Undergrad: 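Here's a structure for you.
Everything numeric here is computed off the predicted structure, so don't read it as measured data. Positions are given from 1, in the same order as the sequence printed here. Every heavy atom of this structure was used, including side-chain atoms; hydrogens, water molecules and symmetry mates were not.
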Amino acid sequence: MSLYCGTFFRRKSFWCYRLLSTYVTKTRYLFELKEDDEACRRAQQTGAFYLFHDLDPLLQASGHRYLAPRLSRAASLPKSEMEAELRGSFIKLRQAVFQLDSMDSSLLFTAQALLRWHDGHQFCSKSGQPTKKNMAGSKRVCPSNNIIYYPQMAPVVITLVSDGARCLLARQSSFPKGLYSALAGFCDIGENVEEAVQREVAEEVGLEVENIQYFSSQHWPFPNSSLMIACHATVKPGQTEIRVNVRELEAAAWFGLDEVAAALRRKGSFTQQQSEASPLLLPPKLAIAHHMIKKWVEKQSCSSMAA
């Protein structure tokens, strides 16, 4: 069984193969790598490699965390031999996501997203002919009609709903025990972000929201490379009764400031927190939902002090 070995170039740190001084210079260099096969081929001689097998990255256990070894050259060995040689295992990214070192996570997310996209776009949707990827893997081209295909992400809105004093958190049956998070759902064709937020909240918990405010965004590799668009919203006055859509959620509830703040203060890794008995477990720092909830707590705490 062979292994796929791809090269992924650092966006924030280029110390492994060249020193660049400015953001513009870095961006222009990355553009050159994506568009110029020969430049990419040269960079591969000194680039860093991550190993994947069937979309699973090779990871090494380090206490309660996983580290992704970076190799200085490509490799192709049977899976068992590769794991033994590098003292690691090919682990599903969803299984390891909250135990990854933060320096590895964004690059692994990008790498897996590209590999998955290439697996699913090997043929032209118009001609049916095989497409060919460029050296960097930034696009695929159909030789018969020169149609160019670029990797895409699915837009997802993730919304933290508040009634002023409380925030609404929900869970799916697939979540770890006790874990609650913000509401999330894919944008429909033809919707803008605000419309997607209003629809998703209405569908999942039967509430109408207003005062929608953009918070931040994040690439998320699940289920198939998503762009998480995070927003805060408030319910309309007097309309706080939750009606859970059981086809979408297992549970949803309002949580007060003290309870949410206490959950944020819990120490230890996400895995360690899971082993503790607690009525509320929040997403770890790697997830944008964590930062949305933290921002809400900070805002509410400031309001309480001012009052």
Side-chain angles (χ1 to χ4, degrees), residues 1-23 25-119 133-139 151 153 218-222 225 269-271 284-287:
M1 183 178 295
S2 62
L3 302 171
Y4 179 88
C5 184
T7 310
F8 300 96
F9 304 99
R10 295 177 175 276
R11 291 176 176 157
K12 296 182 180 178
S13 173
F14 290 78
W15 58 266
C16 60
Y17 49 87
R18 75 166 48 181
L19 178 64
L20 300 173
S21 59
T22 69
Y23 175 77
T25 304
K26 295 175 185 178
T27 302
R28 292 288 178 85
Y29 178 62
L30 287 172
F31 178 81
E32 180 185 9
L33 294 181
K34 290 191 291 184
E35 297 298 324
D36 188 328
D37 283 356
E38 185 55 38
C40 185
R41 189 174 290 108
R42 290 194 301 270
Q44 285 186 347
Q45 302 305 310
T46 51
F49 292 83
Y50 285 109
L51 291 182
F52 284 78
H53 179 266
D54 291 340
L55 301 182
D56 300 335
L58 182 82
L59 301 175
Q60 296 171 333
S62 177
H64 292 287
R65 305 197 55 86
Y66 285 115
L67 302 177
R70 304 179 188 92
L71 306 181
S72 60
R73 59 184 176 83
S76 182
L77 292 172
K79 178 182 176 182
S80 58
E81 292 183 23
M82 183 64 70
E83 290 178 323
E85 180 74 18
L86 296 177
R87 299 179 181 179
S89 301
F90 289 97
I91 300 173
K92 293 189 179 302
L93 193 55
R94 183 183 288 275
Q95 175 186 336
V97 62
F98 294 135
Q99 296 163 261
L100 286 173
D101 182 90
S102 58
M103 292 184 62
D104 294 322
S105 59
S106 63
L107 288 171
L108 290 176
F109 287 178
T110 301
Q112 191 200 61
L114 280 173
L115 292 173
R116 181 187 288 112
W117 181 80
H118 282 293
D119 280 351
K133 76 177 183 66
N134 64 342
M135 179 62 65
S138 62
K139 60 186 176 182
M153 294 189 294
Q218 176 187 37
H219 170 254
W220 194 243
F222 313 113
S225 189
S269 68
F270 183 72
T271 304
K285 293 180 180 179
L286 183 61

Undergrad: Please report the shortest heavy-atom distance between L67 and P69, naming the atom on each side.
TA: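 Nearest pair, atom of L67 first, then P69: O-CD, 3.5 Å.
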
Undergrad: How are the rings of F109 and W220 set relative to one another: parallel (under 30°), tilted (30 to 60°) or perpendicular (over 60°)?
TA: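 Correct class here is perpendicular.
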
Undergrad: What residues form a side-chain contact (heavy atoms from CB on, under 4.5 Å) with E85, not counting sequence neighbours?
TA: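 Expected list: none.
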
Undergrad: Looking at A68 and Y50, what are the two nearest heavy atoms and their distance?
TA: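 So the two residues come closest at CB-CE2, 3.6 Å.
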
Undergrad: Distance check, rounded to the nearest 0.5 Å: C40 atom SG versus E35 atom CD?
TA: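 Reported to 0.5 Å precision, the distance equals 11.0 Å.
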
Undergrad: Any idea which heavy atoms bring Y66 and A96 closest together, and the distance?
TA: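 Reported closest heavy-atom pair: CD1-CB, 3.5 Å.
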
Undergrad: For a quick test of reading the model, state the closest non-hydrogen atom pair linking H219 to A113 and the distance between them.
TA: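 Looking at all heavy atoms of both residues, the closest pair is NE2-CB, 4.0 Å.
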
Undergrad: In Å and rounded to the nearest 0.5 Å, what is the CE to CG distance from M135 to L33?
TA: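 Going from the CE atom of M135 to the CG atom of L33 covers 11.5 Å.
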
Undergrad: For D37 and N134, indicate whether the former's side chain and the latter's backbone hold a donor-acceptor pair under 3.5 Å.
TA: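 Such a contact is absent between D37 side chain and N134 backbone.
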
Undergrad: I'd like to know if the side chain of Q112 and the backbone of L55 have a donor-acceptor N/O pair within less than 3.5 Å.
TA: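 Yes; at least one donor-acceptor contact below 3.5 Å.
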
Undergrad: Does atom NZ of K34 have more than 12 heavy-atom neighbours from other groups under 6.0 Å away?
TA: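 Not buried by this count: 12 neighbours or fewer within 6.0 Å.
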
Undergrad: With a 4.5 Å cut-off on side-chain heavy atoms, are R70 and D104 touching?
TA: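 Sidechains of R70 and D104: in contact.
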
Undergrad: What distance do L51 atom CG and K79 atom NZ have between them, rounded to the nearest 0.5 Å?
TA: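 Between atom CG of L51 and atom NZ of K79 there are 12.5 Å.
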
Undergrad: For M82 and F90, which heavy atoms make the closest approach, and how far apart are they?
TA: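 Result for this residue pair: CG-CZ, 4.0 Å.
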
Undergrad: Would a distance-only check, ignoring hydrogens and angles, find a side-chain to backbone donor-acceptor pair under 3.5 Å from Q218 to L286?
TA: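 Yes; at least one donor-acceptor contact below 3.5 Å.
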
Undergrad: Do any N or O atoms from the side chain of S62 and from the backbone of R65 form a donor-acceptor pair under 3.5 angstrom?
TA: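 Flag not set: sc S62 to bb R65 has no pair under 3.5 Å.
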
Undergrad: With a 4.5 Å heavy-atom cut-off, do Y29 and K26 have their side chains touching?
TA: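 The answer is no, as the side chains (C-beta and beyond) never meet within the 4.5 Å cut-off.
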
Undergrad: Roughly how far apart are L100 CG and L107 CG, rounded to 0.5 Å?
TA: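 One gets 11.0 Å once the value is rounded to the nearest 0.5 Å.
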
Undergrad: For the OG atom of S225 and the CE atom of M153, what is their distance to the nearest 0.5 Å?
TA: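 Spacing of OG (S225) from CE (M153) equals 6.0 Å.
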
Undergrad: Who are the side-chain hydrogen bond (donor to acceptor under 3.5 Å, both in side chains) partners of S105, not counting sequence neighbours?
TA: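 If we apply the side-chain hydrogen bond (donor to acceptor under 3.5 Å, both in side chains) test to S105, skipping adjacent residues, there are no hits.
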
Undergrad: Please say whether more than 12 non-hydrogen atoms of neighbouring residues, nucleotides or ligands are located less than 6.0 Å from CZ in R41.
TA: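 Counting neighbours around CZ of R41, more than 12 heavy atoms of other residues, nucleotides or ligands fall under 6.0 Å, so yes.
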
Undergrad: Please say whether more than 12 non-hydrogen atoms of neighbouring residues, nucleotides or ligands are located less than 6.0 Å from CZ in F31.
TA: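 Not buried by this count: 12 neighbours or fewer within 6.0 Å.
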
Undergrad: Distance from S138 atom OG to H118 atom NE2, nearest 0.5 Å?
TA: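 S138 atom OG to H118 atom NE2 measures 7.5 Å (nearest 0.5 Å).
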
